[in-house]
Amino acid sequence: MDAHEVNRARAKLALFVADVFASVPRKDQRAKGDCYLRGLMLDGRRKSIQAMAERLPDGNEQNLQQFVNQSTWDPDLVRRRIAERMVPQISPDAWAVDDVSFPKDGKMSVAVAPQYCGALGKQANCQVAVSVHAVSDTASCPLQWRLFVPQEWAHDAGRRQKTGIPPEVGHREKWRLALDVFDELAGWGLVPPVVVADAGYGQNADFRDGLSERGIGYVVAVRSDVTVHPHDARPTAPAWSGTGRRPQPRYRDKPSSVAALAAGHGRQAFAEVTWREGSRGPMRSRFLALRVRPAGVRARRLARAAAIAEHGHWDGVLPEVTLLVEWPKDAQQPTDYWLSSLPAGTSPTELVRLAKIRWRIEHDYRELKHGLGLDHFEGRSWAGWHHHVTLVTAAHAFLTEQRLAPKADTPGSLSTRSSTPSRTC
């Protein structure tokens, strides 16, 4: 947005800030929030505090630095109000789990470490955050964030003190952080219609089990080497000799990988599905849906523990889910795989639509990063990072809200001005 467009939106922005920053106690702090949001939305290559202050007529670098890095306002209360406000407007078809990386120099920015950096596509020095987004085919919005604390930070008292990491925050796997977010959002009265995630999460049997324990349906990507039994396979036990321990039921046939199972059905078993209208026409490919029982040591242990907790015993039967496989017309073999816990009668078209709806996350990150400066924060502290991410989320929510308004007189998405190409789903 240029300066004229920002000024035209100031009245609406003031009302938005008054609502979502109502938990911020002081009027002057809320005014700084308004100023920071305008700085994020205003055209400019760099969205660091210094750069934004120079572009804003009322920008004061010292005041903005204090508001972001030293003020004690609670970012979770602001994000809660954003989520409560945006979910009804978006009417999400799913909540999407993802993580985002922030390349960094040095080792003193909070939670920075050498780890896989999606932004660079390789191991690099970076921060990583887990995010949950409400998504539909027409709009989306981040609902909550968790900064991933690497193992090396768990007991580094010096860096923890300098960056202000709370004592109760330690190393926690990303899939656990995602489940923590779902629990927190449930406490806010927000429950997902279904969860979608990439294979980084979907591959994890504990993550899928955690969703099922919470009564949350899912459609999650998995790798081709995930092993399954056919849905009609049944565990059996050898006849008991009358001495020793009674044999336990188990599956006698070795499980197969989802890749082998799908390929075994042949190309002719796949049917064409169209799931949405893209910028270049209908999005379509060929898919097959099969009922299967995920195998593997961890899946078996989780199933056994759940059955014993509920019934006091386990009959050896593994839970049944749907395997969705994509085999594009011009591909030599299947390319993508998902597991879904949705009811068996769910149509393939609906499964495909949900599996593919993560394209909205690419849209979110393109706007959050390239348009709103999500990864431009130059501070090092825990509080500063969370304040900045919250303010970027608020700016994104405001722009999304204006685009959803029937008579909104606003420019197009900031992301559409970026030259960075998007990945397609």
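These numbers were taken from a predicted model, which means no experiment stands behind them.
Side-chain atoms of Thr138 and Ser136 include a donor-acceptor pair closer than 3.5 Å. Inspection of the His133 and Asp98 side chains reveals no N or O donor paired with an N or O acceptor under 3.5 Å. Looking at Thr163 and Arg380, their side chains never bring a donor and an acceptor atom within 3.5 Å of each other. Under 3.5 Å, the side chains of Asp76 and Gln144 contain a donor-acceptor pair of N or O atoms. Judged by distance alone, the side chains of Arg291 and Thr322 do bring a donor and an acceptor atom under 3.5 Å apart.
A pairwise comparison of heavy atoms in Pro88 and Arg85 identifies CD-O, 3.6 Å as the closest pair. Considering every non-hydrogen atom in both Ser109 and Trp153, the closest pair reads O-CZ2, 3.3 Å. Listed here is the closest heavy atom pair of Ser101 and Ala119: OG-N, 2.9 Å. Nearest heavy-atom pair across Ile90 and Ala139 is CG2-O, 3.7 Å.
A donor-acceptor contact shorter than 3.5 Å is absent between the side chain of Arg30 and the backbone of Phe21.
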Side chain to side chain contact (heavy atoms under 4.5 Å, CB included) for Leu15 and Asp19? Distances and angles first, verdict last. CA-CA 6 Å; Leu15 293 174; Asp19 181 31; over 6 Å; no
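Ion pairing between Glu152 and Arg159 holds under the 4.0 Å rule for side-chain N and carboxylate O. For the pair Asp209 and Arg298, the salt-bridge criterion is not met [side-chain N within less than 4.0 Å of a carboxylate O]. A salt bridge links Arg80 to Glu84: at least one charged side-chain nitrogen sits closer than 4.0 Å to a carboxylate oxygen. Salt bridge present: Glu184 and Arg146 bring a charged side-chain N and a carboxylate O closer than 4.0 Å.
None of Asp58, Asn60, Val17 except one satisfies the side chain to side chain contact (heavy atoms under 4.5 Å, CB included) rule with Cys35; the exception is Asp58.
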